[in-house]
Amino acid sequence: MKLGFIGLGIMGKPMVKNLLKAGHEVIVYDVIQSNVDQAVAEGANPANSSKEVAEQCKLVITMLPNSPHVKSVVMGENGVLDGAQPGTILVDMSSIAPQASQEICKACGEKGIKMIDAPVSGGEPKAVDGTLSIMVGGDEEVFKEVYDILMVMGGSAVHCGDIGAGNTTKLANQIIVALNIAAVSEAFMLSTKAGVNPIKVFDAIKGGLAGSTVMNAKVPMITEGNFEPGFKINLHIKDLNNALETGHNVGAPLPLASQVMEMLQTLKADGLGDKDHSAIAKYYEKVADAEIRK
Ligand code: NAD
């Protein structure tokens with residue numbers, strides 16, 4: 001199938017590679033030319049704008065940083081809606097505000113374009129493996145139409161509800177991940193200061209009730225002092241911003257998320273915005289004046 005793909009960053013690039021590997025023809029666009037060049041080197045065909053991508057493809061996938069980027073790529077000048085024919089399907093896999101998905105879907109609908117939101121969890125390693133967890137909102141019939149394409153990039157794809165439900169699910173995911181990293185950091189700082197080796201603590205508790213995918217992924221990074229991304233603090237700030245805004249809109253107070261948000265803001269102010277979110281441990285290291293290391 002001929003597919004369009006817009007947004008060739010940390011996640012988009014390996015996702016395109018998997019679509020190519022599965023035998024699809026992929027037309028790509030990114031504002032950063034070197035990202036386009038890398039996708040072309042893998043076998044993709046370049047376009048000069050989002051409009052040009054949509055002119056050539058009946059299915060367009062977007063993987064962009066946040067709501068304003070998706071709005072401009074879809075609804076802006078030379079955007080998807082300028083080039084797409086009625087009946088085209090837009091699959092937005094970016095993590096954005098659910099309200100923004102609803103607005104973009106409405107604008108698409110006015111032009112006869114069908115849209116679903118389909119953000120992902122699993123990060124770069126699972127984007128490379130093609131085993132992302134995909135959470136989808138929108139018309140269930142459209143979800144069924146694109147299911148096989150989603151499963152080229154994912155290990156699972158679950159329809160969660162109407163348009164925006166995918167991104168609401170992703171916000172729930174991001175709250176749990178952020179709070180889990182903070183809980184792990186707090187607990188491991190306690191053991192460090194009390195003189196118990198964090199590696200022993202990890203080995204002793206990872207198989208019990210406190211164990212988690214987050215603990216397994218992040219404790220080795222923290223104890224090695226490796227905070228290279230992965231998933232950047234700045235992107236997690238974006239997600240918690242969207243979570244807090246959504247929570248306030250629907251009347252769901254998020255006291256713990258707002259507290260971790262201030263930890264992330266402290267780290268950003270310290271120049272760590274481009275480090276991995278496991279650097280939440282560095283917040284605790286600063287306030288407790290100790291390092292959680294092997
Ligand atoms: P990234 O910043 O690496 O990539 C985004 C890409 O979009 C960049 O190449 C950028 O040039 C491009 N872009 C921005 N504006 C554009 C425009 N107007 N037209 C065309 N291209 C444009 O980000 P990423 O890490 O790939 O993340 C993408 C999305 O996936 C984000 O919403 C992020 O929250 C989400 N996500 C990321 C991870 C992760 O581990 N990195 C995991 C799960 C979900």
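Only heavy atoms go into these numbers, but all of them, side chains included; no hydrogens, no water, no symmetry mates. Just follow the structure's listing: the first ligand is 1, and inside any ligand the first atom is 1. Remember, predicted model here, so these are calculated numbers, not experimental data.
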From atom 5 (C) of ligand 1, work out which of Ser34, Pro65, Ser95, Ser50 has a heavy atom at the shortest distance.
Pro65

Decide whether an N or O pair under 3.5 Å exists between Ser94 and ligand 1.
no

Are any of the side-chain heavy atoms of Lys218 and Asp276 separated by less than 4.5 Å?
yes

Carboxylate-amine/guanidinium contact Lys286 Asp270, below 4.0 Å
yes

Please work out which of the three classes, parallel, tilted or perpendicular, describes the rings of Phe231 and His236, given edges at 30° and 60°.
perpendicular

Does Ile280 share a hydrophobic cluster with Ile176, counting links as ILVMFWY side-chain heavy atoms below 4.5 Å and allowing steps through other members?
no

What about Met93: any of its N or O atoms under 3.5 Å from an N or O on ligand 1?
no

How does Leu8 reach ligand 1, if at all, at less than 4.0 Å between non-hydrogen atoms: by side chain, backbone, both, or neither?
backbone

Return the minimal non-hydrogen interatomic distance between Leu64 and Ser94, and the atom names on each side.
N-OG, 2.9 Å

Under 4.0 Å between heavy atoms, the region of Lys126 that gets near ligand 1 turns out to be neither

Nearest neighbour in protein (non-hydrogen) for atom 39 (C) of ligand 1
Phe231 CD1, 3.4 Å

For residues 155-182, which residue pairs pass the ring pair (Phe, Tyr, Trp, His ring centres under 6.0 Å) check, not counting sequence neighbours?
Phe143-His159

Report all side-chain donor-acceptor pairs from residues 287-294 shorter than 3.5 Å, counting only partners two or more places apart or in another chain.
| residue | atom | partner | partner atom | Å |
| --- | --- | --- | --- | --- |
| Arg293 | NH1 | Ile222 | O | 3.1 |
| Arg293 | NH1 | Glu285 | OE2 | 2.7 |
| Arg293 | NH2 | Glu285 | OE1 | 3.3 |

Closest approach of Ile6 to Val73 (non-hydrogen atoms, all atoms of both residues):
CG2-CG1, 3.9 Å

closest protein heavy atom to atom 29 (C) of ligand 1 is Leu64 O, 3.4 Å

Give the residue and atom name of whichever protein heavy atom lies nearest to atom 4 (O) of ligand 1, and the separation in Å to one decimal.
Gly9 CA, 3.2 Å

Quick test of your reading of the structure: of Asn167, Ile10, Val120, whose heavy atom lies closest to atom 44 (C) of ligand 1?
Val120

Contact atoms of ligand 1, heavy-atom distance to Ile32 under 4.0 Å
11 (O)

Lys/Arg-Asp/Glu bridge criterion (N-O < 4.0 Å) met for Glu103, Lys106:
no

Give the contacting part of Lys238 toward ligand 1: side chain, backbone, both or neither, where contact means a heavy-atom distance below 4.0 Å.
side chain

Atom 23 (O) of ligand 1 protein-contacted, heavy-atom criterion under 4.0 angstrom:
no

Applying a heavy-atom cut-off of 4.0 Å, say which part of Val73 lies close to ligand 1: side chain, backbone, both or neither.
side chain

Tell me: protein heavy atom nearest atom 20 (C) of ligand 1, and distance?
Val31 N, 3.5 Å

Kindly confirm or rule out an N or O of Met11 lying under 3.5 angstrom from an N or O of ligand 1.
yes

Counting only N and O atoms by type, is there a donor-acceptor contact under 3.5 Å from the side chain of Asn78 to the main-chain atoms of Lys51?
no

Indicate the atoms forming the closest heavy-atom contact of Cys57 with Lys2, along with that distance.
CB-O, 4.0 Å

Please identify which atoms of ligand 1 are closer than 4.0 Å to at least one heavy atom of Gly7.
7 (O)

Closer than 4.0 angstrom, basic N to acidic O: yes or no for Lys114 and Glu141?
no

Of the listed options (Gly123, Pro229, Gly122, Ser49), which comes nearest to atom 40 (O) of ligand 1 when hydrogens are ignored and any heavy atom counts?
Gly123

Among Leu132, Asp276, Ile6, Asp30, which one puts a heavy atom closest to atom 6 (C) of ligand 1?
Asp30

What protein heavy atom lies closest to atom 30 (O) of ligand 1? Include the residue and the distance to one decimal.
Met63 CE, 3.1 Å

Verify whether one side chain among Asn167 and Ser101 offers a donor that lies under 3.5 Å from an acceptor in the other.
yes

Which of the atoms of ligand 1 are close to Lys170, meaning less than 4.0 Å from one of its heavy atoms?
43 (C), 44 (C)

For ligand 1, does Asn35 get within less than 4.0 Å through its side chain, its backbone, both, or neither, judged by non-hydrogen atoms?
side chain

Would you mind checking which non-hydrogen protein atom is closest to atom 15 (N) of ligand 1, with the distance to 0.1 Å?
His69 CD2, 3.8 Å

